[in-house]
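The structure appears right after this line, and notes come after that.
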Amino acid sequence: MPDKRCRIRTRGPGPFLVVDLFNELMAAFGPQAWWPADGPFEVMVGAILTQNTAWTNVEPAIVALKKAALLTPRSLANAPLADLETAIRSSGYYRQKAGRLRDFSAWLLQEWGGDIDLMSQEPTLRLRTKLLNIKGIGPETADSILLYAAGKPVFVIDAYTIRILGRVGLTGHTDYECLQRLFERNLPLDIEIYREYHALLVLLGKDFCRRRPEKSNCSICPVGSRCEASLLAAV
DNA sequence: GGCCAGGTCAAAG
DNA sequence: CTTTGACATGGC
């Protein structure tokens, strides 16, 4: 149900279409096959570990967890915090994230007996609310878990998405839920499209977002970062 | 050496 | 309701 509070406008050369951007990105870069992980539990662990952290720092942490046989809900929930901290040190915020991983794993066990398939049968919005009630799981992490681990059609918004939209001229309500609705309103209800689109936005963000020394009128990008008037030809 | 990354939470203003 | 600080490592 559309929310009247979500008023989003475009400025610049022409109307901005969510669908056009997806088509251009897909044509330019092709499918990304996200999320890079071995199974849904690993997806969820990765979603927590990558919070405000480069994926290159997350990978060694996942490997270390795997090597220490800590990559199951039960072992993660029961391991000494010190062991977790050691394993995930490379991912940064390691004390905080160790606690988050353990709390989340304990929740998985308590709510669903550690059965992710069972968890995934929960209605989407109810599951989302439950995830958000866990300390350390915010909207992006929750939605990443829903989309990439539980197979729910939920569009993930991240810092790249916000920056890119700002750059192509989007103004107005740019908070998480409004932007999420913008995408969900304009796309077919299709998990694969949601998955690819978010992956492509991250790719675009990495490859283009900070390297264009053009001028910017973007009010969303952080001070000091550069934007350009158009990204792909269309926007 | 400085900047920043696939955020989140709590404490102020 | 909006802004700010803390959390931390590793790559460029």
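Just so it is clear, the model here is predicted, and its values are computed rather than measured. Values below: all heavy atoms of this structure, side chains included; hydrogens, waters and symmetry mates excluded. Chain A is the first sequence line, chain B the second, and so forth, proteins listed ahead of strands; every chain is numbered from 1.
Side-chain contact between A:Phe41 and A:Leu108: present, with at least one pair of heavy atoms (C-beta onward) separated by less than 4.5 Å.
The pair A:Arg128-A:Asp143 meets the salt-bridge criterion, since a charged nitrogen lies less than 4.0 angstrom from a carboxylate oxygen. Salt bridge absent: A:Lys97 and A:Glu85 never bring a charged side-chain N and a carboxylate O closer than 4.0 Å.
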Let's go through A:Gln32 and A:Arg195 carefully: what are the C-alpha distance in whole Å and the side-chain angles of both, what is the deciding distance for side chain to side chain donor-acceptor pair (under 3.5 Å) to 0.1 Å, and is it a yes or a no? CA-CA 9 Å; A:Gln32 301 302 305; A:Arg195 287 177 171 170; over 6 Å; no
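If you take CZ of A:Phe104 and C1' of B:dG7, they are 16 Å apart, rounded to a whole angstrom. One interatomic measurement links the two molecules: CG of A:Asn57 to C1' of C:dC7, which rounds to 14 Å at whole-angstrom precision. Summarising the geometry, the separation between CD on A:Glu59 and P on C:dT9 is reported as 19 Å, rounded to the nearest angstrom. A:Asn52 places its CG atom 13 Å from the P atom of B:dC9, with the value rounded to the nearest Å. Remark: P of C:dT2 and CG of A:Asp175 are 8 Å apart, rounded to the nearest angstrom.
Within a heavy-atom distance below 4.0 Å of DNA chain B, the residues of residues 89-102 of chain A found are A:Tyr93, A:Gln96, A:Arg100. Across residues 36-51 of chain A, A:Pro36, A:Thr50, A:Gln51 each have a non-hydrogen atom less than 4.0 Å from an atom of DNA chain B (numbered order). Using a 4.0 Å cut-off on heavy atoms, the residues of residues 131-147 of chain A that approach DNA chain B are A:Ile134, A:Lys135, A:Gly136, A:Ile137, A:Gly138, A:Pro139, A:Glu140, A:Thr141, listed by number.
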